[in-house]
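See structure below.
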Amino acid sequence: MAMDQATKAQLAEFLENAELEAREVVKITDEHPDLTLTEAYEINDLIRDRKLARGTKQVGYKMGLTSKAKMDQMGVNRPGFGYLFDYFAIPDGGEIKTAELIHPKVEPEIAVVLKTALKGPGCTIADVFAAIDFILPAMEVIDSRYENFRFDLVSVIADNSSSSRFVTGGQSATVDQVDMKTMGVVMEINGEVVALGAGAAVIGHPANAVAMLANSLAEKGEEVPAGSFIMTGALTAAHAVKPGDSVTVSYQGLGSISARVV
Ligand code: 0L1
Ligand code: MG
């Protein structure tokens with residue numbers, strides 16, 4: 001039976017409170033095993049509505065579960081998207097504050113900022129290249145609200161794809177200056193290399209993830225607005241961090257970004 005609006009609103013409140021209070025909860029499909037992907041996105045939209053109503057600003061989007069490494073790590077079989085809000089942003093060299101989080105993990109990503117809106121259906125990688133203003137290095141801090149990162153695809157989509165913080169800044173480049181597909185990335189924690197990857201890990205090319213975002217949003221009549229910051233998905237598996245850690249991600253042709261975990 002389809003989930004009613006009141007239950008969706010209740011689940012949105014439950015998951016958003018877990019995020020705001022940095023409190024882990026059981027995955028929502030334990031109680032609602034028939035939750036569909038469409039309903040999961042509707043719950044996440046209600047979380048967005050709650051934030052926007054309080055004056056929080058949406059600054060962009062994230063694509064998640066875009067690499068084989070991530071899908072294998074989390075036991076799911078397709079990508080999804082989530083929303084990024086103003087208070088998620090951490091400047092390059094800034095602090096990841098564990099007191100505000102449950103069990104943060106970091107993952108290296110390639111981000112883009114759009115100069116023009118992208119609208120599906122039928123958005124292609126060529127449309128994405130034409131719309132990109134510049135490319136930025138980014139580190140996503142994911143923090144599933146679910147106990148022990150135990151979830152399934154629909155539970156994680158309803159939980160804003162585990163979005164919590166992101167670090168970006170440093171050097172930018174245009175699409176002519178770097179090759180996002182072959183761009184190599186090295187992630188170090190406390191000086192030790194913990195992960196290596198390349199742009200192609202993101203469904204063949206990070207720009208494909210942006211096209212997928214535009215086409216997914218089109219299903220509910222939305223576009224990706226000009227000026228959006230989009231994290232295209234992890235290039236490697238995610239790594240847990242703890243207070244005292246120092247994380248650096250170095251990009252081929254795009255400098256590096258870092259953060260301290262406190
Ligand atoms: O790849 C991602 O950014 C999605 C994160 C959702 C799964 C997780 O929490 O690891
Ligand atoms: Mg990610």
Side-chain angles (χ1 to χ4, degrees), residues 15-16 18-19 22-29 35 37 40-41 43-44 47 59-85 88-90 96 98 101-112 135-168 180 183 185 187 194-210 212-213 216 228-241 247 249 251 257 259:
L15 287 171
E16 204 215 359
E19 180 230 317
R23 188 168 41 75
E24 61 184 6
V25 293
V26 291
K27 70 179 163 63
I28 58 176
T29 46
L35 184 73
L37 193 59
Y41 275 116
I43 292 168
N44 194 36
I47 293 176
V59 294
Y61 299 83
K62 67 162 276 182
M63 287 301 288
L65 303 163
T66 44
S67 72
K68 183 156 181 344
K70 281 290 300 192
M71 286 192 246
D72 288 351
Q73 184 182 30
M74 305 325 304
V76 301
N77 58 8
R78 59 177 281 185
F81 68 86
Y83 304 123
L84 301 175
F85 299 100
F88 289 7
I90 299 172
I96 299 170
T98 52
L101 304 169
I102 303 165
H103 40 205
K105 292 183 185 177
V106 291
E107 48 188 34
E109 306 213 5
I110 296 170
V112 301
I135 299 160
L136 281 173
M139 183 193 309
E140 180 171 24
V141 183
I142 51 167
D143 196 34
S144 171
R145 269 51 72 171
Y146 298 121
E147 280 174 357
N148 303 318
F149 278 79
R150 190 181 69 86
F151 51 65
D152 42 42
L153 181 66
V154 288
S155 298
V156 81
I157 294 295
D159 182 32
N160 199 21
S161 292
S162 307
S163 293
S164 75
R165 299 289 183 273
F166 61 87
V167 181
T168 192
M180 284 191 278
M183 183 186 287
V185 169
M187 183 161 75
V194 294
L196 302 165
V202 179
I203 51 172
H205 194 300
N208 283 332
V210 181
M212 186 180 269
L213 172 67
S216 300
S228 293
F229 170 80
I230 304 160
M231 285 198 300
T232 57
L235 304 170
T236 73
H239 283 261
V241 287
V247 190
V249 186
Y251 294 77
I257 49 170

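Counting starts at 1 for both ligands and their atoms, following the listed order. Atom set for the values below is all heavy atoms of this structure, side chains included, hydrogens, waters and symmetry mates excluded. Along the sequence shown, residues carry numbers from 1.
A 4.5 Å side-chain heavy-atom check between Val59 and Phe88 finds every atom pair outside the cut-off. The side-chain heavy atoms of Val247 and Val167, taken from C-beta on, include no pair separated by under 4.5 Å.
The heavy-atom pair separating Val141 from Ser164 by the smallest distance is O-OG, 2.8 Å. Among all heavy-atom pairs drawn from Ala158 and Ile28, the shortest one is CB-CD1, 3.6 Å. Contact between Ala234 and Val202 at its shortest, heavy atoms only, is O-CG2, 3.8 Å. Considering every non-hydrogen atom in both Asp143 and Pro104, the closest pair reads OD1-N, 3.3 Å.
Residues passing the ring-ring contact (aromatic ring centres under 6.0 Å, His included) test with Phe166 are Phe229, sequence neighbours excluded. Every residue two or more places apart in sequence or in another chain that forms a side-chain hydrogen bond (donor to acceptor under 3.5 Å, both in side chains) with Ser155 is listed here: Thr29, Asp152.
If you count the protein N, O or S atoms nearer to the Mg ion (ligand 2) than 2.8 Å, you get 3.
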Taking a 3.5 Å cut-off between nitrogen or oxygen atoms, can you list every pair linking ligand 1 to the protein, with distances?
residue: ligand 1; atom: 1 (O); partner: Leu65; partner atom: N; Å: 2.8
residue: ligand 1; atom: 3 (O); partner: Lys62; partner atom: NZ; Å: 2.7
residue: ligand 1; atom: 3 (O); partner: Glu107; partner atom: OE2; Å: 2.8
residue: ligand 1; atom: 3 (O); partner: Glu140; partner atom: OE1; Å: 3.0
residue: ligand 1; atom: 9 (O); partner: Ser162; partner atom: OG; Å: 2.6
residue: ligand 1; atom: 10 (O); partner: Lys70; partner atom: NZ; Å: 3.1

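Ring geometry, Tyr61 versus Tyr83: the interplanar angle exceeds 60°, so the pair is classed perpendicular (tilted spans 30 to 60°).
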